[in-house]
**Q** 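Submitted below is the structure of interest, expressed as structure tokens.
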Amino acid sequence: MEILGLGPVAVDADFGDYVSPSLPVPVFGDTLCRFAVVGYDDDDAKADFETAISAFLELDESALRSASMPVFQYYLDVKAEVGGDEDLVSIAGPDDVWSHIQPGGEVTVQREDAHGDRQVYVSVECECAWEPEQGLQIVFRRGSSVTKVGPFDSHLTNVSAFDRADLADVVYHRFG
């Protein structure tokens, strides 16, 4: 089986999703990542997946700049929650946040569920120096722009994460 933009994919024996071999991801400095495509077979608009994958693979590192402040706010919220923890990394500002983030090895591509906007999203779980347990999730709507960041919760939008329609255009919403 082939998916446009990924090439040959295999079925993951545990979950039934399609998985690609590791591919360089330009938005993360060509870090090698495996793609997991969820719900592709059952979807009537497979081209939406292919479009999102292609758009995501065309992004360069500049696409992350728009999310620098929301990611920095996530860092500040964690810092406030842990108080004066001396072991917590010190990040001077939004421009410095990306040097404390390591993308995970897997990119997930899936359509938002029936309660969401039904768009295809590309989600990446990352490690971040300030939150080793929850990490950082970066979500790209249609693969083209960052539309959600925060602790990894597997939700593709803040609307679905918090069950609040007023968060439709909010990139980061304080957890808890």
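The first residue of the sequence shown is numbered 1, and numbering continues consecutively from there.
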**Q** Check whether Q137 reaches the backbone of H155 with its side chain - one donor and one acceptor, N or O, closer than 3.5 Å.
**A** yes
**Q** For A36, does its backbone N or O pair with a side-chain atom of T108 as donor and acceptor, under 3.5 Å?
**A** no
**Q** Hey, does T157 have a side-chain heavy atom less than 4.5 Å from the side chain of E112?
**A** yes
**Q** Does R111 reach the main-chain N or O of R118 with its side chain, forming a donor-acceptor pair under 3.5 Å?
**A** yes
**Q** Does D95 pair with R65 as a salt bridge, N-O distance under 4.0 Å?
**A** no
**Q** Measuring from atom SG of C128 to atom NE2 of H100, what distance do you get when rounded to the nearest 0.5 angstrom?
**A** 10.5 Å
**Q** Any side-chain heavy-atom pair from V38 and F15 closer than 4.5 angstrom?
**A** no
**Q** To the closest 0.5 Å, what do you measure between OH (Y40) and CD1 (I53)?
**A** 7.5 Å
**Q** Keeping the roles fixed (side chain from Y18, backbone from E2), state whether a donor-acceptor pair exists under 3.5 Å.
**A** no
**Q** Considering all heavy atoms of both residues, which atom of A67 and which atom of V146 are nearest to each other, and what is their separation?
**A** CB-CG1, 3.6 Å
**Q** Do you know which two heavy atoms are closest between F72 and I91, and how far apart they sit?
**A** CE1-O, 3.5 Å
**Q** Rounded at 0.5 Å granularity, tell me how far CG in D153 sits from OG in S160.
**A** 7.5 Å
**Q** Quick one: does S99's side chain have a donor or acceptor within less than 3.5 Å of a partner on D96's backbone?
**A** yes
**Q** Please give me the minimum heavy-atom distance between A129 and V89, naming the atom from each residue.
**A** CB-CG1, 3.8 Å
**Q** Please report the interatomic distance CG(L23) to CG(D30), rounded to the nearest 0.5 Å.
**A** 11.0 Å
**Q** Contact between I3 and V37 at the side-chain level, heavy atoms closer than 4.5 Å - yes or no?
**A** yes
**Q** Taking ILVMFWY side chains as joined if any heavy atoms are under 4.5 angstrom apart, and letting links pass through other members, which residues group with Y121?
**A** V139, L156
**Q** Return the minimal non-hydrogen interatomic distance between F49 and Q110, and the atom names on each side.
**A** CE2-CA, 3.9 Å
**Q** Could you give me the CA-CA distance, side-chain angles and deciding distance for W130 and K79, then say whether side chain to side chain contact (heavy atoms under 4.5 Å, CB included) is met?
**A** CA-CA 8 Å; W130 64 89; K79 184 177 178 180; over 6 Å; no
**Q** Using every non-hydrogen atom in the two residues, find where V149 and L136 come nearest and quote the distance to one decimal.
**A** CB-CD1, 4.3 Å
**Q** Is any side-chain heavy atom of V78 closer than 4.5 Å to a side-chain heavy atom of E81?
**A** no
**Q** Show your working on side chain to side chain donor-acceptor pair (under 3.5 Å) between Q134 and Y74 and close with a plain yes or no.
**A** CA-CA 11 Å; Q134 298 291 325; Y74 171 41; over 6 Å; no
**Q** Is any side-chain heavy atom of V109 less than 4.5 Å from a side-chain heavy atom of V120?
**A** yes
**Q** Identify whether NZ of Lys or CZ of Arg in K148 sits under 6.0 Å from the centre of the six-membered ring of Y172 and within 45° of that ring's axis.
**A** no
**Q** Taking 4.0 angstrom as the limit, do E106 and R34 come out as a salt bridge?
**A** yes
**Q** Is there a path from F140 to L57 through hydrophobic residues (I, L, V, M, F, W, Y) whose side chains come within less than 4.5 Å of each other?
**A** yes
**Q** List the atom of F56, the atom of V25, and the distance in Å for their closest heavy-atom pair.
**A** CE2-CG1, 3.6 Å
**Q** Decide whether R141 and Q119 meet the rule of one side-chain donor and one side-chain acceptor closer than 3.5 Å.
**A** no
**Q** Using only atom types and a distance under 3.5 Å, with no angle test, would you say the side chain of N158 pairs donor to acceptor with the backbone of V170?
**A** yes
